[in-house]
Amino acid sequence: MSTKPVRSRIQVEGIVQGVGFRPFVHAVAHRLGLSGMVGNDDAGVFIEIEGPAALVVRFREALERETPPLAVIERISARPLPLTGGHGFSITESLRNGERRTLISPDIATCDDCLRELADPSDRRHRYPFINCTNCGPRFTIVRDVPYDRPFTTMAGFPMCARCAAEYHDPADRRFHAQPICCPECGPSLRLHDPARHALPGEPIATAARLLRAGLIVAIKGLGGYHLAVDAGNEQATARLRERKHREDKPFAVMVADLALAERLCEVSRPAHDLLAGSCRPIVLLPRRADAPVAGSVAPGNHDLGLVLPYTPLHHLLAAEVPLSVLTSGNVSDEPIAYTDDEAFARLGGIADAFLTHDRPIHMRTDDSVIRARDGRTTPMRRSRGFAPRPLTLPIAARREVLGCGAELKSTFCLATGRHAFVSHHIGDLENYETLRSLTGGIEHFRRLFGIAPQVVAHDLHPEYLSTKYALELDDVELIGVQHHHAHIASCLADNGIDDQVIGVAFDGLGYGTDGTLWGGEFLLADLRDFTRTGHLAPVPLPGGAAAVREPWRMAAAYLDAAGHAEFPAIAARHGDRWEHIVSMARSGLNAPLTSSAGRLFDAVAAILGIRDTVGYEGQAAIELEQRADASVRDAYPVRISGAEPFLVHGADLVLAVVDDLSGDVPLPVIAARFHNGVAAAIITACVRLRTSTGLGTVALSGGVFQNQFLLGRTIPALEELGFRVLTHGHVPPNDGGISLGQAAIAAARDQVSR
């Protein structure tokens with residue numbers, strides 16, 4: 001072993017602030033008898049280490065081998081320093097050098113150690129709803145700036161008491177340099193108010209629980225915003241919440257006290273178990289059990305339930321009193337989640353009967369993440385709390401800094417520098433000023449946190465998207481327009497770390513095409529730089545434009561007319577004179593633009609089968625059609641594929657087969673399954689055709705339609721049996737929430753070529 005003394009400055013980059021990394025470094029140095037110091041800076045964590053060369057090597061090895069559970073090391077660099085002959089090892093003040101490369105941890109669910117203290121009557125933090133430590137608690141939602149130190153968080157207004165300060169400075173303590181550290185003596189406190197902001201008597205949690213059990217609606221301030229809660233077993237309460245929130249059909253999420261209760265409500269697979277109990281704590285969509293004791297209004301007509309386990313001390317304390325409660329975003333339908341106290345009382349005062357709030361500010365609103373788990377497969381539906389702003393890795397590094405502005409629905413943005421792609425939390429649908437302001441405010445916050453000043457800005461081609469208009473108003477940037485479905489496929493490529501040309505299948509609702517029509521059922525040859533449209537669903541009219549999205553029966557009229565069954569009585573009779581008017585509109589093309597949308601094909605079939613003539617939320621008709629499909633049915637409706645590239649996939653053939661079976665009294669679940677199988681068969685046939693002509697053997701599936709687990713379950717195994725490599729989404733959603741990543745990946749790749 002070399003005993004020659006050396007001194008090095010080590011720079012560690014990654015998620016290394018707010019995750020116990022400095023205390024970990026301190027402990028390793030102390031164990032090895034090394035001297036020096038560790039501190040935060042704008043790049044991550046810097047270390048100056050001195051001692052025998054062999055021990056310094058062991059120190060370097062321990063940094064990577066014994067990393068704290070929440071830390072993610074991306075890069076370690078070192079350079080020699082002159083010896084100082086110092087003694088001891090210390091945690092020093094943070095440095096700011098202007099070049100920000102540090103990463104911010106997502107918010108982390110309460111750890112087991114803190115839960116034990118929360119339940120211990122002898123502990124000074126017994127039942128304290130803001131208990132946290134180095135391994136858990138708020139992070140992203142309280143950070144105002146970097147380095148991640150208390151003065152740059154919303155905890156700055158809570159000076160530590162003597163006992164918290166002692167823990168904070170004790171290297172042997174679990175709260176050593178935990179920035180949100182607090183206790184009942186010095187930290188935030190709970191309050192319970194009525195809608196007029198008058199204080200309500202009693203202990204806040206116990207009183208709020210009593211109100212919930214009595215059937216009242218309580219607004220609860222969480223990590224990233226307010227939730228609205230009711231007793232999930234109370235039909236009148238859940239129905240009242242639907243009425244006040246103007247949310248007629250979309251399912252509510254349900255908070256369950258523990259995994260045992262989750263398993264009483266739903267079928268919980270091993271992947272779902274790990275998601276529910278993990279540190280990210282998303283809402284997990286699971287197949288519900290027939291005897292699940294929840295009110296009908298929680299998820300009307302839906303075979304899945306969205307379950308979430310408590311992820312803050314406050315939620316744990318409430319769940320102990322009310323084990324089964326609705327926990328839905330604190331907003332009126334289509335608005336962003338309320339996150340400041342003033343806006344919560346202003347916007348939710350007509351919904352909530354009481355407000356369980358506190359005085360720790362939320363700096364960045366962040367909605368819950370949602371993941372669907374079914375048949376052993378998990379699909380992200382919304383990436384937000386618990387995951388953002390952890391960066392993803394671009395397959396091609398960005399030479400200049402990039403902003404991807406996202407789409408209109410399920411909006412996110414993405415800032416990229418080098419190989420890092422920072423996909424934002426869920427913003428929402430950009431259909432009003434408040435949501436646009438949330439987008440622009442989020443972009444400015446990310447720019448400040450990560451020190452990114454985008455020079456290249458990628459946007460959707462649709463001229464009326466608010467995200468596109470935002471991009472076009474920016475100064476001193478290079479603009480890159482990215483076709484919507486190319487962005488979908490690029491997001492799937494980036495999600496999988498791939499930079500090869502693939503057969504891309506982009507099935508979604510609507511996206512602006514390069515020919516000015518509305519695409520949505522696309523077969524592309526695509527890489528991160530360019531694409532060729534090689535096939536698509538045969539276009540049909542979209543009668544009434546956006547009205548046809550809200551009223552799927554209009555798409556039924558268009559498809560039935562294309563199939564030669566415009567007067568099909570099973571649906572025409574339901575709409576009287578309006579039916580003939582819509583058929584005429586489709587034939588004339590007046591206010592009926594052509595679309596190749598796969599989503600609208602699913603809508604048409606759902607309406608023809610009488611499942612859903614109008615929708616209350618995006619994708620509702622397709623979701624309910626999927627849930628009616630009989631998984632035991634394996635035969636498929638035939639679909640013609642005609643013409644040279646771009647070839648046409650005739651969706652009207654599927655509609656014709658649906659009509660024939662419906663007229664022959666075939667059970668609806670069988671028809672729904674045969675339709676799904678027919679769509680899968682068409683995808684497989686088209687991919688085989690493209691492999692024959694191109695030699696490509698990798699297929700990327702993206703777009704909101706591929707949230708459909710039945711369709712994926714029919715498509716992926718069949719493609720793999722034929723020797724295809726199939727790429728799907730694992731980190732960002734296949735829906736428009738992943739568009740911004742695809743835009744950024746395309747911009748980075750094109751910028752490499754252009755320069």
Side-chain angles (χ1 to χ4, degrees), residues 14-21 40 42 44 68-72 74 100-111 130 132-156 178-181 188 221-227 278-283 308 311-315 329 336-337 339-340 358 360-370 380 382-392 412-415 420-428 438-439 441-452 731-732 737 740-741:
I15 300 179
V16 290
Q17 293 189 12
V19 292
F21 199 81
N40 286 340
D42 289 327
L70 301 183
V72 178
E74 295 199 338
R100 300 186 182 186
R101 297 195 307 275
T102 190
L103 304 181
I104 303 298
S105 167
D107 300 281
I108 303 299
T110 311
C111 70
F130 304 97
N132 69 86
C133 72
T134 306
N135 299 319
C136 69
R139 298 292 193 276
F140 172 60
T141 52
I142 64 170
V143 173
R144 289 190 170 120
D145 208 340
V146 292
Y148 176 66
D149 289 331
R150 194 179 184 98
F152 299 117
T153 74
T154 61
M155 287 297 295
Q179 303 308 328
I181 186 174
K221 188 176 182 180
L223 273 179
Y226 277 80
H227 288 97
S279 63
C280 296
R281 295 288 166 101
I283 296 168
V308 61
Y311 53 87
T312 72
L314 173 58
H315 289 121
S329 299
I337 186 173
Y339 76 110
T340 68
H358 56 77
R360 183 181 70 202
I362 298 168
H363 186 68
M364 183 53 56
R365 81 174 99 216
T366 308
D367 221 326
D368 293 322
S369 296
V370 182
R382 186 166 74 196
R383 181 182 185 272
S384 202
R385 178 193 49 76
F387 297 93
R390 184 181 295 125
L392 303 174
T412 63
F413 61 85
C414 177
L415 281 164
H420 282 153
F422 298 94
V423 179
S424 76
H425 50 294
H426 170 76
I427 303 295
S438 182
L439 173 78
I443 291 172
E444 291 307 309
H445 185 54
F446 271 55
R447 287 184 58 172
R448 184 169 60 254
L449 281 186
F450 304 117
I452 297 175
H731 298 95
V732 297
S740 66
L741 174 63

Within this structure, what is the [atom1]-[atom2] distance for the pair [X] and [Y], rounded to the nearest 0.5 Å?
| X | Y | atom1 | atom2 | value |
| --- | --- | --- | --- | --- |
| Ile443 | Leu415 | CD1 | CG | 7.0 Å |
| Thr153 | Asp145 | OG1 | CG | 11.0 Å |
| Phe130 | Arg360 | CZ | CZ | 6.0 Å |
| Ile283 | Arg385 | CD1 | CZ | 7.5 Å |
| Asp107 | Ser279 | CG | OG | 11.0 Å |
| Ile15 | Phe21 | CD1 | CZ | 12.0 Å |

Taking [X] for its side chain and [Y] for its backbone only, find out whether a donor-acceptor pair lies under 3.5 Å.
| X | Y | result |
| --- | --- | --- |
| Ser424 | Phe413 | yes |
| Arg383 | Thr412 | no |
| Arg365 | Ile337 | yes |
| Ser369 | Ser384 | yes |
| Thr154 | Pro361 | yes |

ring-ring contact (aromatic ring centres under 6.0 Å, His included) between Phe422 and Phe446, intermediate numbers included | CA-CA 8 Å; Phe422 298 94; Phe446 271 55; 7.1 Å; no
Closest heavy-atom contact between [X] and [Y]?
| X | Y | result |
| --- | --- | --- |
| Pro180 | Arg139 | CG-NH1, 4.3 Å |
| Met364 | Gly442 | CE-CA, 4.2 Å |
| Val423 | Cys414 | CG2-SG, 4.0 Å |
| Arg144 | Arg448 | O-NE, 3.6 Å |
| Cys133 | Ala178 | C-CB, 3.8 Å |
| Gly137 | Asn132 | CA-CB, 4.1 Å |

What do the steps show when you test Leu392 against Leu741 for side chain to side chain contact (heavy atoms under 4.5 Å, CB included), and what is the final call?
-> CA-CA 9 Å; Leu392 303 174; Leu741 174 63; 3.8 Å; yes
Does the side chain of Thr366 pick up a donor-acceptor pair with the side chain of Thr141 at under 3.5 Å?
-> no
Give a yes-or-no answer on whether the side chains of Asp367 and Ser329 include a donor-acceptor pair shorter than 3.5 Å.
->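 Asp367 vs Ser329: donor-acceptor pair found between side chains.
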Going through the checks in order, is the side chain to side chain contact (heavy atoms under 4.5 Å, CB included) test met by Ile181 and Gln179?
-> CA-CA 6 Å; Ile181 186 174; Gln179 303 308 328; over 6 Å; no
Is the number of heavy atoms from other residues, nucleotides or ligands under 6.0 Å of His731 NE2 greater than 12?
->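 Open.
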Flag the pair [X] / [Y] as yes when at least one side-chain heavy-atom distance between them is below 4.5 Å, and no otherwise.
| X | Y | value |
| --- | --- | --- |
| Pro282 | Arg382 | no |
| Asp149 | Asn40 | yes |
| Val146 | Phe450 | no |

Ring centers of Phe140, Phe387 separated by less than 6.0 Å | no
Could you walk me through whether Lys221 and Leu314 pass the side chain to side chain contact (heavy atoms under 4.5 Å, CB included) test, one step at a time?
-> CA-CA 9 Å; Lys221 188 176 182 180; Leu314 173 58; 6.0 Å; no
Plane angle bin for His315 and Tyr311 - parallel if under 30°, tilted between 30 and 60°, otherwise perpendicular =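 Geometry flag for His315 against Tyr311: tilted rings.
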